[in-house]
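I have placed the structure first, in the form of structure tokens, so that the comments after it can refer back to it.
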Amino acid sequence: MIWQYLLFMAMGFLSGSVLYSYLLPKWLRGIDILALSDDQNPGTANAMKFAGAPVGFLCLFMDLLKGFLPVWLALHTLSPFHPLFSLVLAAPALGHAFSPILQGKGGKAIAVSFGTLLAFLPDFILLLLLAGFYIFFSVILVIHPNERRTVATFLLFAAAQIFLPHPIPVKIGMLLIADVVIYKNWRDAFGKAPSEEPEAPEPVPPDKMAF
Ligand SMILES: O=P(O)(O)OC[C@H](O)CO
């Protein structure tokens, strides 16, 4: 039934849109990590850095949980072969990345994506791949800064879907998640979001030319 998929999408988006790494430091320590950080990202790294490890780990746990819970419920309720299942999978990442709490400007959606992949356990291949690519680009072929490493990791993760045995909607869901994360990390990785690349200047009409 389509309404069930729509319900899970809304649930996933709402769950993802609660920016724990922004809200918990504010509520528990009176700290605004957006005002203090350079990248103004409402994520675990900034929560850890400015609110301390205990609050940071709580934020990490909640950011994982908000991706895990709606997707785990969906995996135990819906068919992963339905085309709309891909949007159910992407909904928590979309909620975090475009959270209404910050007027559509959310976070980079890394932790919530890991939470989404955790929901597939005991099928660990997706989680293993994403974590493996991160480790590869952190230890073996080191990429800096973190945002470029994230872009490279999610690009490989997206490409790897071709070789995995999951239903097509699951693969598309993973591609959507990768898209969201790459989009949200692009600016800090390379300077501008893909949609903000400068357009070619309008040609100046001959009568307006300054000689
Ligand atoms: O992807 P987020 O928004 O959960 O946060 C990213 C982490 O803080 C790592 O930079």
Side-chain angles (χ1 to χ4, degrees), residues 12-29 31-71 89-119 126-127 129-139 142-158 173-174 176-191 193-194:
F13 187 88
L14 275 181
S15 174
S17 70
V18 183
L19 301 173
Y20 295 103
S21 294
Y22 166 64
L23 296 171
L24 290 175
K26 221 176 176 130
W27 291 339
L28 299 175
R29 303 283 311 276
I31 289 170
D32 182 350
I33 64 164
L34 300 186
L36 294 172
S37 58
D38 289 337
D39 65 357
Q40 295 165 353
N41 185 54
T44 308
N46 284 332
M48 205 74 93
K49 187 170 168 190
F50 296 105
V55 176
F57 278 114
L58 180 63
C59 293
L60 174 63
F61 178 76
M62 295 307 292
D63 274 354
L64 289 171
L65 189 66
K66 72 181 188 178
F68 173 87
L69 211 53
V71 172
L89 291 180
L94 282 164
H96 181 87
F98 303 103
S99 174
I101 289 181
L102 293 180
Q103 292 79 44
K105 188 198 164 305
K108 293 174 180 169
I110 301 163
V112 68
S113 301
F114 270 102
T116 297
L117 302 192
L118 275 168
L126 293 166
L127 189 62
L129 269 182
L130 191 65
F133 290 144
Y134 256 120
I135 293 168
F136 179 76
F137 288 128
S138 303
V139 179
V142 182
I143 298 181
H144 287 299
N146 189 36
E147 289 79 10
R148 285 191 190 187
R149 183 181 314 144
T150 299
V151 169
T153 296
F154 275 84
L155 273 176
L156 268 191
F157 178 70
M174 294 303 130
L176 290 174
I177 290 172
D179 249 13
V180 170
V181 175
I182 291 168
Y183 178 77
K184 293 297 292 192
N185 281 269
W186 194 274
R187 182 202 297 267
D188 286 342
F190 302 109

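First listed ligand is number 1; within each ligand, the first listed atom is number 1. Count residues from 1 along the sequence.
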A student comparing A45, S21, G115, A97 should find that the heavy atom closest to atom 8 (O) of ligand 1 comes from A45
Y20 and T44: side chain donor to acceptor below 3.5 Å: no
Taking every heavy atom of D32 against every heavy atom of K26, the minimum-distance pair comes out as OD2-NZ, 3.9 Å
From the list K108, K184, R187, salt bridge (charged side-chain N to carboxylate O under 4.0 Å, His left out) with D39 holds only for K108
All heavy atoms of C59 vs all of P25, minimum pair found to be SG-CD, 3.9 Å
So the atoms of ligand 1 within less than 4.0 Å of a heavy atom of A111 turn out to be 1 (O), 4 (O)
Minimal heavy-atom distance between N41 and N46, with the atoms involved, is O-ND2, 2.8 Å
Checking heavy atoms under 4.0 Å, the part of N41 that sits near ligand 1 is side chain
Polar atom proximity, N46 to ligand 1 (N or O, under 3.5 Å): no
*Is any N or O atom of I110, backbone or side chain, closer than 3.5 Å to an N or O atom of ligand 1?*
yes
Going by the 4.0 angstrom heavy-atom rule, the piece of H96 near ligand 1 is side chain
* Asked: Quick one: does L89's side chain get under 4.5 Å of L176's, heavy atoms only?
  -> no
The answer for which part of A109 has a heavy atom under 4.0 Å from ligand 1 is backbone
Checking heavy atoms under 4.0 Å, the part of N146 that sits near ligand 1 is side chain
Counting from 1 in the order shown, the ligand 1 atoms closer than 4.0 Å to a non-hydrogen atom of G107 are 3 (O)
Within 6.0 Å of CZ in F61, more than 12 heavy atoms from elsewhere: no
